[in-house]
Structures are given as C-alpha cells and as structure tokens.
Amino acid sequence: MKRKLFEKIEELQPRLQEMSNFLFDNPEIGLKEYKALDTLTKFLEEYDFKIEKGIGGLETSFRAVYENGVGGPSIGILVEYDAIEGLGHACGHHLQGPLGIGVAVALKECLKDKNYKLVVYGTPAEETIGGKLIMIKNGCFQDIDVALMTHGGPNTTTDIKSLAMCKLTVTFKGKRAHAALKPEAGRSAFDALLLTFNAIEFMREHVPDDVRMHYTVINAGGPANVVPGEAVGNFYLRSYDNATLVDCKERFFKIIQGAGLMTETTYDIHIDKEMGGKIPVLTLNDLVMKSARELKAPAISAPREKTGSTDFGSVMAVVPGTCLRIAFVPEGSSSHSDEYLKAGKSEEAYEALRVGGKILLSTIFEIIDKPEVFNKIREEFESKTKK
C-alpha cells in the first residue's frame, strides 16, 4: 500500500509543482490569500472533497473533508500559504499547501479498505496575526485526532519545544501639566512606563532561564516640557513551559498595577496575541523521522530542542501533533531570507515536495493501519496534558 501511495504522489508531482510555483509567483500576505485559497480548494474539489471556505472567522481559511468508513482516526493536515510583506515566500509556505493537499488526495485515491477521516485545514496569516489562534477560539481543530504539518527548512527534522508567547500593549494615562511652571499638577504616564521597564529588569533575576521578556516604547507622551498624559509600551513574555508563562503574566500584571499606584496613573492592558508552547509527542516525532530515514530524506538532523513561537504550538496544546521540517535550503540558512527566496522554485524545493509528501503519507498510513500506534500517540499526549 505504501508503494501505491508513493506512486500516486509521484503521479501528482507535476500538478503540485505547478501550484507551488504559482503561489511563489503570486505571494499574498495574511488574510489576503485569495489566489492561494482558490488554487488549493479547486484542486481538492476535483477529487470530491467537501469544502468549506471562510471557517473559524477568517475569510481566506478553508476546511476540506473526506471520510472512508466509520470509526477510524481523524487525521488533520494543516497548511499555511501566506507570504511575508515586502519579501514574498521567504519562509517556504508556498510548498506547504500543495504538499498537504497532494498527500490528502493520494490517500483518498488509494486507501479504500481502512476506516479513517481526512481533514485538511487551510490556516491563513501565520506570519502576522497567527491565524490558527483565531480558528481555535472559533471551534476549529476539534474534529481531528492528530494534527500534522510540514515546513521547509535547512534540515529534515522535527521540533521538541517552542516558545509559548504573550504579546501585550499597555497604555498608562496620567495628567498633563507644564513641566516647568506647574509640575506638581501633573501625573506622568511615562514615569509609569519607565517603572514598568525597571521592574521587569529586577524580575529577570527571579524567573527560570528559559523566560524571555522584551519591551519597547510605542508612545512616550510628547515633548519634554510637558508632563506626559499618556504613554504606551509594547511587551513580549515568552517561555518554553506553558505554566511558567502563566506565572510570568500574573507577575507582570502586578508590576503594571504597582507602577500605576506609584505614579497615580490609570492603565489598560491589551493582550494582542497569545501562543501556546508545543507539547511534544515523541512517539509521533519518532514515527515521522523513521519514515524520513527510510526514504533517505535530505540533510536529516537531530530534533530541534527549542524553537521560536508559532501558532501551531497552540494547536498542539489541544491535539497531538507534529511538524515535519523538510530540507530544501542550504544548512544554516535563516528563514525570511534571500536563501529561501532563491530556493523557492529550485530542484531542491521540488524534491522537498516529493519526499516530504512520501514521509507524511508513510506516517499517516502507519497511524491508520496500526491502532496500537495511534493509541500510543494519544496516550502520550494525554499523559503530558493532564500534568
């Protein structure tokens, strides 16, 4: 059966490469991915997937479903397709959609004697607002048992952890006054912001080593001869542990409260974006890499122990999942770079489409074909989320 699946994905390669080239040549930023949405869903419609567009509160998202039999595992394939403003597809997202839908079609066309469900989720705006976060809030991903994703990179590997992240904007409001003639009448919002920055520096001594806290001034409140009546700061809090981040947020809120009390100012805290850290399911990671080694994937490396923040981390907090990193750029290349752009339509990119598709097919077939594998994945995830 794996041989049949691999033959089918080979047969689909010209179409998949054509789609990836089209997406690369027509880059669209988050929430504007209309051509990508149309291209990917039309291909799935050709193979009779049931398509819903604009799900989860995002106009350029989609959900495509095929079900064979009843009672089998529900496999989620998540695809991204947004580009970076001013750069284009400098992160390899033009490969994800064609690869993911090619895998779904190959399974549908070949695997007829097993019970399973395929759900392809099109997830917009990863680079900007983290579209998956909004989709989660609106009920998406509740219908899948496993979430699988791919991403181009300098090595073929998987991830262990990612940084949980909270981005916040804090606005302090005080009272304006002439800084020379009547400073006693003023209450400085900028002083409150400076006290917040200082308190964060003191807090650094008393947090775990993996915690990251950074900040900047958005609005300092005006000229130096006026007591600032308003000041705005932007803050990021991060940790590889979700519970640690929750603790840091609570302490951060106390800092804001204290700064307001000390300066007699009021404040508003707005949470702009929150991303959970990945909960790694090593059973699933190992299964993916076993397939990668069998298929002699390029530039195989050890799992990435720690990575940056991603909205896929929040998906992995509610359903077991993993992201296959498939090599197509030189080792050591940084994402959002010229190296990614230069490799966008290269033979290495097409090989990533081919081999990445086969790795995902092999992995999904193992999950569907062997209930004990699926059960082990689910048990590991449940043991980690119950802590």
Side-chain angles (χ1 to χ4, degrees), residues 57 125-139 161-177 186-222 227-279 306-318 384-387:
E126 187 273 337
E127 298 285 0
T128 51
I129 63 170
K132 298 179 194 64
L133 306 175
I134 296 171
M135 294 175 74
I136 289 170
K137 289 179 181 177
N138 288 303
K161 292 182 179 180
S162 68
L163 280 165
M165 181 269 281
C166 182
K167 177 187 176 187
L168 310 99
T169 298
V170 178
T171 302
F172 285 102
K173 292 193 175 180
K175 185 179 179 182
R176 293 179 185 272
R187 296 294 181 267
S188 174
F190 188 53
D191 283 354
L193 199 58
L194 290 174
L195 284 166
T196 300
F197 295 162
N198 285 330
I200 288 173
E201 293 307 320
F202 287 120
M203 182 176 160
R204 287 191 200 279
E205 185 180 356
H206 306 288
V207 295
D209 290 343
D210 71 351
V211 171
R212 302 287 182 268
M213 299 181 289
H214 16 279
Y215 51 77
T216 192
V217 179
I218 302 298
N219 173 17
V227 175
E230 181 175 295
V232 184
N234 185 232
F235 301 83
Y236 281 82
L237 308 175
R238 304 180 197 255
S239 172
Y240 285 105
D241 180 73
N242 290 320
T244 297
L245 183 62
V246 170
D247 177 67
C248 287
K249 281 170 53 183
E250 291 175 353
R251 294 167 68 185
F252 176 78
F253 294 155
K254 290 176 183 177
I255 286 174
I256 301 301
Q257 183 182 19
L261 287 170
M262 286 187 282
T263 55
E264 294 187 315
T265 58
T266 61
Y267 59 85
D268 174 74
I269 303 173
H270 184 267
I271 297 177
D272 303 323
K273 185 192 297 185
E274 286 190 280
M275 294 182 181
K278 290 182 177 180
I279 297 175
K306 296 179 178 181
T307 67
S309 304
T310 169
D311 58 2
F312 189 51
S314 293
V315 177
M316 288 177 60
V318 296
K384 289 179 175 177
T385 52
K386 285 178 181 177
K387 292 181 179 179

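Quick note: residue numbers are just sequence positions, from 1. None of these values were measured; they are calculated from a predicted model.
Two residues are said to be in side-chain contact when any heavy atoms from C-beta on lie closer than 4.5 Å; Val246 and Glu250 meet this criterion. The closest side-chain heavy-atom distance from Phe235 to Met213 is not below 4.5 Å. Contact check for Asp311 versus Ile136: no side-chain heavy atoms found under the 4.5 Å cut-off. Asn242 places a side-chain heavy atom less than 4.5 Å from the side chain of Ile279. No side-chain heavy atom of Leu245 sits less than 4.5 Å from a side-chain heavy atom of Glu274. Using a 4.5 Å heavy-atom cutoff, the side chains of Phe253 and Leu168 are in contact. Between Thr196 and Val170, the closest side-chain pair of non-hydrogen atoms is not below 4.5 Å. Looking only at side-chain heavy atoms (C-beta outward), Val227 and Lys175 stay at 4.5 Å or farther from each other.
The minimum heavy-atom distance linking Gly174 with Ala189 is given by the pair N-CB, 3.9 Å. When all heavy atoms of Pro208 and Thr244 are compared, the closest pair comes out as CG-CG2, 3.9 Å. When all heavy atoms are compared, the tightest approach of Val207 to Cys248 is CG1-SG, 4.2 Å. When all heavy atoms of Ala259 and Ala192 are compared, the pair lying nearest together is CB-O, 3.5 Å. Taking both residues in full, the closest heavy atoms of Gly276 and Ser314 are given as N-OG, 2.7 Å, listed atom of the first, atom of the second, then distance. Of all heavy-atom pairs between Pro228 and Phe190, the closest is CG-CB, 3.7 Å.
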What do the steps show when you test Leu195 against Thr263 for side-chain contact (heavy atoms from CB on, under 4.5 Å), and what is the final call? CA-CA 9 Å; Leu195 284 166; Thr263 55; 3.6 Å; yes
Could you please spell out the steps behind the side-chain contact (heavy atoms from CB on, under 4.5 Å) verdict for Tyr236 and Arg212? CA-CA 8 Å; Tyr236 281 82; Arg212 302 287 182 268; over 6 Å; no
Quick one: do Asp272 and Asn234 satisfy side-chain contact (heavy atoms from CB on, under 4.5 Å)? Show the steps, please. CA-CA 10 Å; Asp272 303 323; Asn234 185 232; 3.8 Å; yes
Run the side-chain contact (heavy atoms from CB on, under 4.5 Å) test on Lys167 and Met275 for me, step by step, so that the C-alpha distance in whole Å, both residues' side-chain angles and the decisive distance to 0.1 Å come before the verdict. CA-CA 9 Å; Lys167 177 187 176 187; Met275 294 182 181; over 6 Å; no
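Panel note: side chain Ser309, backbone Ser162; no donor-acceptor pair is recorded below 3.5 Å. The backbone N or O of Tyr240 sits less than 3.5 Å from a side-chain atom of Asp210, completing a donor-acceptor pair. Side chain of Lys273 to main chain of Thr128: a donor-acceptor pair is present (N/O by atom type, distance under 3.5 Å, no hydrogens or angles). Not one N or O on the side chain of Asp268 forms a donor-acceptor pair closer than 3.5 Å with the backbone of Phe172.
To the nearest 0.5 angstrom, Ile200 atom CD1 is 11.5 Å from Arg251 atom CZ. Separating the NZ atom in Lys254 from the NZ atom in Lys249 is a distance of 14.0 Å, to the nearest 0.5 Å. For the atom pair Phe252 CZ and Met203 CE, the distance stands at 9.0 Å (nearest 0.5 Å). Once rounded to the nearest 0.5 Å, the distance linking CG of Asn138 with CG of Leu133 reads 11.5 Å. Separation of atoms CG (Asn219) and OG1 (Thr171) is listed at 8.5 Å; rounding is to 0.5 Å. The structure places OG1 of Thr266 at 11.5 Å from CG of Leu261, a figure rounded to the nearest 0.5 Å.
Classification of the Phe197-Tyr215 ring pair by plane angle, with boundaries at 30° and 60°, yields parallel.
With a 6.0 Å radius and a threshold of 12 heavy atoms from other residues, nucleotides or ligands, His270 has its NE2 atom at or below the threshold.
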